[in-house]
There are 2 protein chains.
Amino acid sequence: MTPPTPLHLSLAGQAVDVLREQVLTGEIPPGSRVNEVEVAQKLGISRGPLREAIRHLASEGLLTLVPHRGAFVPDASPEDVRALFELRTALECAAAELAASRRTDVDLVRLQEVCAESRRNYKAGQPFPYRLDLAFHRTLLDAARSPYISEQVQLVQQRVVLLRSALADDPPHQHASMDDHDELVRAIADGDAAKASEVMRRHLSRVCAQMLTSLTH
Amino acid sequence: MTPPTPLHLSLAGQAVDVLREQVLTGEIPPGSRVNEVEVAQKLGISRGPLREAIRHLASEGLLTLVPHRGAFVPDASPEDVRALFELRTALECAAAELAASRRTDVDLVRLQEVCAESRRNYKAGQPFPYRLDLAFHRTLLDAARSPYISEQVQLVQQRVVLLRSALADDPPHQHASMDDHDELVRAIADGDAAKASEVMRRHLSRVCAQMLTSLTH
DNA sequence: AACGTGTCAACTGTCGACAGTTGGCAGTTT
DNA sequence: AAACTGCCAACTGTCGACAGTTGACACGTT
């Protein structure tokens with residue numbers, strides 16, 4: 001049975017997890033407002049912890065606060081997407097460089113395994129799931145061994161997820177992404193930091209362009 | 001003529017400003033704990049808004065939260081400094097590249113003015129104030145015109161300020177920094193993104209090394 | 001009909017109080 | 001003396017209620 005009070009995670013922490021999920025999945029659609037009393041009742045907690053959770057998500061960029069008006073799920077303009085990808089590119093190119101110069105054999109195996117799984121899924125007729133794309137970028141981050149960069153990339157990727165509309169189902173794009181990933185792994189395997197950075201930049205440039213086109217349709 | 005935002009900032013917002021100042025100036029020393037009731041009384045507010053302020057500063061990296069124990073001002077290990085500068089380097093090198101490719105004549109004038117003021121101060125026997133260093137990096141950020149990158153750099157610089165111990169008063173270092181800044185401005189003026197990035201990387205590498213030595217003494 | 005004004009419900013901002021947890025201290029045991 | 005045990009004060013986590021602000025609607029005016 002559940003103890004009178006949750007022992008492991010604070011109510012605010014739980015609320016953060018639940019709300020983040022609802023925002024990222026679109027269950028709370030972009031542009032909509034988060035009503036404090038309503039959501040607090042729905043989660044079975046009071047407004048105090050919920051407010052802290054809302055502030056936390058706002059600091060992650062998943063909500064925007066308007067004084068005396070509340071919290072809103074941001075909907076992105078093309079300009080936002082471009083600016084956000086400039087940040088993502090800066091971070092992930094650096095991560096690719098660091099990964100190329102620091103990677104161990106274990107890192108390489110992991111990266112190759114993720115790429116191989118993507119290929120298997122693709123050849124089996126299944127679409128390249130976004131899950132595997134995230135897994136690849138995360139594995140690369142681990143290989144970079146730069147905790148602050150990793151932390152920031154995760155936050156940026158969350159915001160990208162918030163924006164991605166119909167990115168998932170474009171086969172040519174998926175194929176190109178997998179090729180990029182393979183090339184990236186080769187550069188990292190060679191310890192070629194400059195090339196790793198360049199391939200990452202090209203990859204993200206393509207992804208950004210893809211998002212922009214699928215955003216305007 | 002009242003702007004859409006009220007003249008009154010929320011108590012939580014005010015608390016954020018006061019606390020940030022106190023943390024950055026060392027008035028609340030690293031390693032110490034922030035007592036909620038005590039600080040709330042001192043600020044003349046209740047614990048609710050103060051808690052939100054504390055959470056906000058924690059999201060900026062100026063405080064670390066320990067469940068059921070409270071908020072602490074973090075004190076940095078050399079490893080932290082290195083990792084933090086990896087993040088700063090990634091962001092500011094990208095900003096330097098963007099600034100080189102996007103800078104206008106107005107941007108150039110502003111950058112040169114900051115450099116000139118630094119020289120004047122220095123030749124007048126005054127030390128190169130940290131204030132002017134911040135101003136230079138901020139002006140460069142404005143020239144990059146990438147809002148998300150700028151935002152993140154500001155946050156990282158705050159954390160660097162939190163760590164800087166006796167960085168200020170080393171004349172050789174100051175001189176080298178001013179030279180770096182001048183060279184950076186030249187690269188930006190030439191629109192040479194690759195060189196701007198490289199100079200920035202070297203500059204931050206030197207600053208990081210300086211901080212590490214002054215940290216262990 | 002369009003425009004300005006007064007009123008109001010809904011919601012956020014804030015507060016004081018209660019409940020649960022933590023680390024330390026005194027007392028006891030070996 | 002060292003280690004274990006039980007208690008306690010201090011603090012954080014949480015809650016319900018009050019106060020101030022906002023946006024909208026209805027009403028009256030031109």
Side-chain angles (χ1 to χ4, degrees), chain A residues 1-20 22-23 28-75, chain B residues 1-20 22-23 28-75:
Chain A
M1 279 303 289
T2 54
T5 59
L7 291 167
H8 289 82
L9 199 57
S10 68
L11 293 185
Q14 292 177 272
V16 166
D17 292 339
V18 173
L19 275 183
R20 177 159 34 215
Q22 292 185 349
V23 169
I28 303 177
S32 68
R33 195 168 67 82
V34 177
N35 186 317
E36 291 186 0
V37 290
E38 181 186 330
V39 174
Q41 283 181 351
K42 195 165 292 184
L43 296 182
I45 64 178
S46 82
R47 283 178 56 218
L50 177 62
R51 279 176 65 89
E52 291 180 4
I54 289 174
R55 299 302 194 274
H56 185 91
L57 290 176
S59 78
E60 291 186 2
L62 295 186
L63 293 174
T64 61
L65 300 178
V66 181
H68 296 288
R69 291 267 307 153
F72 295 80
V73 181
D75 47 353
Chain B
M1 276 291 215
T2 323
T5 53
L7 295 147
H8 270 64
L9 201 57
S10 70
L11 294 185
Q14 293 178 270
V16 166
D17 292 340
V18 174
L19 275 183
R20 176 163 32 218
Q22 291 185 349
V23 170
I28 304 177
S32 68
R33 194 168 67 84
V34 176
N35 186 317
E36 290 186 2
V37 290
E38 181 186 330
V39 175
Q41 283 181 351
K42 196 165 292 183
L43 296 181
I45 63 178
S46 83
R47 285 179 54 219
L50 177 62
R51 279 176 66 88
E52 291 181 4
I54 289 174
R55 299 301 195 277
H56 185 93
L57 291 175
S59 78
E60 291 185 2
L62 296 185
L63 292 174
T64 59
L65 300 178
V66 181
H68 295 287
R69 291 270 306 154
F72 295 80
V73 181
D75 47 353

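Letters A, B, ... are given to chains in the order of the sequence lines, protein chains preceding strands, and every chain is numbered from 1. Below, each value reflects all heavy atoms present in this structure, side chains not excepted, and no hydrogens, waters or symmetry copies.
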Q: Please work out if A/V34 contacts a base, only the sugar-phosphate, or nothing of the nucleic acid, heavy-atom cut-off 4.0 Å.
A: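 Here A/V34 touches the backbone only, sparing every base.
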Q. Within the structure shown, what part of the strands sits under 4.0 Å from B/G70 by heavy-atom distance: base, sugar-phosphate, or nothing?
A.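 Counting heavy atoms under 4.0 Å across all strands, the contact made by B/G70 is with sugar-phosphate only.
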Consider the side chain of [X], meaning its heavy atoms from C-beta on, and name the nucleotide among [options] that approaches it most closely.
X	options	answer
B/R51	C/dT22, D/dT12, C/dT14	D/dT12
A/A12	C/dT14, C/dG23, D/dT14	D/dT14
A/S10	D/dT21, C/dG23, D/dT14	D/dT14
B/I45	C/dC15, C/dT12, D/dG23	C/dC15
A/N35	C/dT14, C/dT22, C/dC11	C/dC11
B/V37	D/dT14, D/dT12, C/dT14	D/dT12

Q.
Applying side chain to side chain contact (heavy atoms under 4.5 Å, CB included) to A/E52 and B/R55, what does each step give before you reach the verdict?
A. CA-CA 7 Å; A/E52 291 180 4; B/R55 299 301 195 277; 3.7 Å; yes
Rounding to a whole Å, what distance do you find between [X]:[atom1] and [N]:[atom2]?
X	N	atom1	atom2	value
B/E52	D/dT14	CD	C1'	14 Å
A/H68	C/dT14	NE2	C1'	11 Å
B/L65	D/dG13	CG	C1'	13 Å
B/F72	D/dT12	CZ	P	9 Å
A/Q41	D/dT14	CD	P	18 Å
B/L11	C/dT12	CG	P	17 Å
B/L50	C/dG16	CG	P	13 Å
A/L43	D/dT14	CG	C1'	14 Å

Q.
On DNA chain D, does the nearest nucleotide to A/G13 precede the nearest nucleotide to A/R47 from the 5' side, or the other way round? Give the residue.
A.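 Mapping each residue to its closest nucleotide by heavy atoms, the 5'-most match is A/G13.
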Q | 5'-most by nearest nucleotide on DNA chain D - B/E36 or A/S46 | A |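 Residue closer to the 5' terminus by nearest nucleotide: B/E36.
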Q | Phosphate OP1/OP2 of D/dT12: any B/R33 side-chain N/O under 4.0 Å | A |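 Indeed, a polar side-chain atom of B/R33 lies that close.
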Q) If only side-chain N and O atoms of A/R69 are considered, is one of them under 4.0 Å from the OP1 or OP2 phosphate oxygen of D/dG20? A)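 No, outside the criterion.
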Q. Measuring from B/D17:CG to B/L57:CG, what's the distance to the nearest 0.5 Å?
A.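 Going from the CG atom of B/D17 to the CG atom of B/L57 covers 9.0 Å.
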Q.
So, taking the atom named NE2 in B/H68 and the one named OG in A/S10, what distance separates them when rounded to the nearest 0.5 Å?
A.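 Answer rounded to 0.5 Å: 7.5 Å.
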**Q.** Flag side-chain contact, heavy atom, 4.5 Å: B/L19 against B/L50
**A.**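 Heavy-atom side-chain distance check passes, below 4.5 Å.
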Q. Is any side-chain heavy atom of A/D75 less than 4.5 Å from a side-chain heavy atom of A/V73?
A.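 They are not in contact (no side-chain heavy atoms under 4.5 Å apart), so the answer is no.
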